[in-house]
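Below is one structure; the comments refer to it alone.
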Amino acid sequence: MKKITLKNGDKLTALGMGTWFMGDNERYRREEIAALRYGIEHGVNLIDTAEMYGNGRSEQLVGEAISPYARESVYLLSKVLPHNANKRDMEYACDNSLKALNTDYLDMYLYHWRGSTPLAETVEALEKLKSKGKIKAWGVSNFDLEDMEELLALPLGDQCQVNEVLFHLGSRGIEYVLKPYQDKHAIATIAYCPLAQAGALQRNLIENPVVNAVADELNCTPYQVLLTFVLAQPNMIAIPKAGRLQHMKENIACLDFKLSQEQISRLNKAYPSPTARLHLDIV
Ligand SMILES: NC(=O)c1ccc[n+]([C@@H]2O[C@H](COP(=O)([O-])OP(=O)(O)OC[C@H]3O[C@@H](n4cnc5c(N)ncnc54)[C@H](OP(=O)(O)O)[C@@H]3O)[C@@H](O)[C@H]2O)c1
């Protein structure tokens, strides 16, 4: 499976598994666990969760899903909320995540979005968790260019491995300056909402005639075209959430699709790359 190597040497599968809203509804729990296990058994190593998701319910579900497997076979990423991203509260928040996930370390811990704590204090707290072995690496999420510049100017700011941001065919703002900046500084981009939340964020994506024509040519669904487009980006990891087993299978199948230059040109024409700086999209 295609892998992205981080600057610390960690290898993440280019396709990861999102888990927002997983564990929120008992009716879907069994299938959500089956979907995550299918992913793991088919070579996906990255699971993206957060203390915020269902107030720990997503982390608990992930903990249950990974329980039959060797810990090293999964790459666990969780996130700390802004109000916990300080010297006083971060370790407690991390301990809660570890408990919910039933593990003793996180492979990656992200600062979910920027709050009021001085960035230097957050970095210090993240590094402390790293030195204690509770996290192996850290990164950020929803950071725009100025945030990344401020971070990388700090002592040990260069320990940041990834920035997780919104990116899909219909929201390509990061291509203008943020993604090139991250590439230059060897910071990998994790794309959240690669399916635009099944089109909910931008309904016209799923109905778009170009997306549908490309889907017909690849013999796949419009959703798979969206994911294949994100997977085709260099130094980028896509983390679609699939609570349904069928969706997980379709997402893994995307790793075998290849968009031709001509198909990419048509998609670029329908949804152009930005020609000016845009504000970072968030959900
Ligand atoms: N860092 C952040 O601030 C942030 C923000 C948002 C999201 N995230 C992370 O990114 C992950 C992905 O984002 P997201 O969950 O918001 O949106 P998404 O992955 O773009 O879309 C998820 C939706 O797409 C559906 N789906 C999945 N595969 C499909 C397929 N092959 N065909 C049709 N529909 C499909 C899912 O349905 P089923 O579940 O029913 O299969 C679900 O309704 C999250 O789960 C979370 O881990 C991070």
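Order of appearance sets the numbers: ligands from 1, and atoms from 1 within every ligand. In what follows, residues are counted from 1 in the order of the sequence shown.
Looking at K241 and Y192, their side chains never bring a donor and an acceptor atom within 3.5 Å of each other. Between the side chains of K130 and Q159, at least one donor N or O lies within less than 3.5 Å of an accepting N or O.
Between I33 and the choices R29, E31, R30, the side-chain contact (heavy atoms from CB on, under 4.5 Å) rule is met once, by R29.
A cation-pi arrangement is found for R71 relative to Y105, the charged atom lying closer than 6.0 Å to the ring centre and inside a 45° cone about the ring normal.
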Are there any protein N or O atoms under 3.5 Å from the N or O atoms of ligand 1? List them with distances, or say none.
unit_1	atom_1	unit_2	atom_2	d
ligand 1	1 (N)	S141	OG	2.8
ligand 1	1 (N)	E164	OE2	3.0
ligand 1	3 (O)	H112	NE2	3.4
ligand 1	3 (O)	N142	ND2	2.9
ligand 1	8 (N)	Y53	OH	3.3
ligand 1	13 (O)	C193	N	3.2
ligand 1	16 (O)	Q197	NE2	2.8
ligand 1	19 (O)	K241	N	2.9
ligand 1	20 (O)	L195	N	2.9
ligand 1	20 (O)	A196	N	3.3
ligand 1	20 (O)	Q197	N	2.9
ligand 1	28 (N)	N251	ND2	3.1
ligand 1	31 (N)	E250	OE1	3.1
ligand 1	31 (N)	N251	OD1	2.8
ligand 1	37 (O)	H247	ND1	3.4
ligand 1	39 (O)	K241	NZ	2.8
ligand 1	39 (O)	G243	N	2.8
ligand 1	40 (O)	R244	NE	2.8
ligand 1	40 (O)	R244	NH2	3.0
ligand 1	41 (O)	G243	N	3.0
ligand 1	41 (O)	R244	N	3.0
ligand 1	41 (O)	H247	ND1	2.6
ligand 1	45 (O)	T19	N	3.2
ligand 1	45 (O)	W20	N	3.0
ligand 1	47 (O)	T19	N	3.2
ligand 1	47 (O)	D48	OD1	2.7

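Side chains of L259 and L218 form a contact here, defined as non-hydrogen atoms less than 4.5 Å apart. With a 4.5 Å cut-off on side-chain heavy atoms, Y181 and L152 count as touching.
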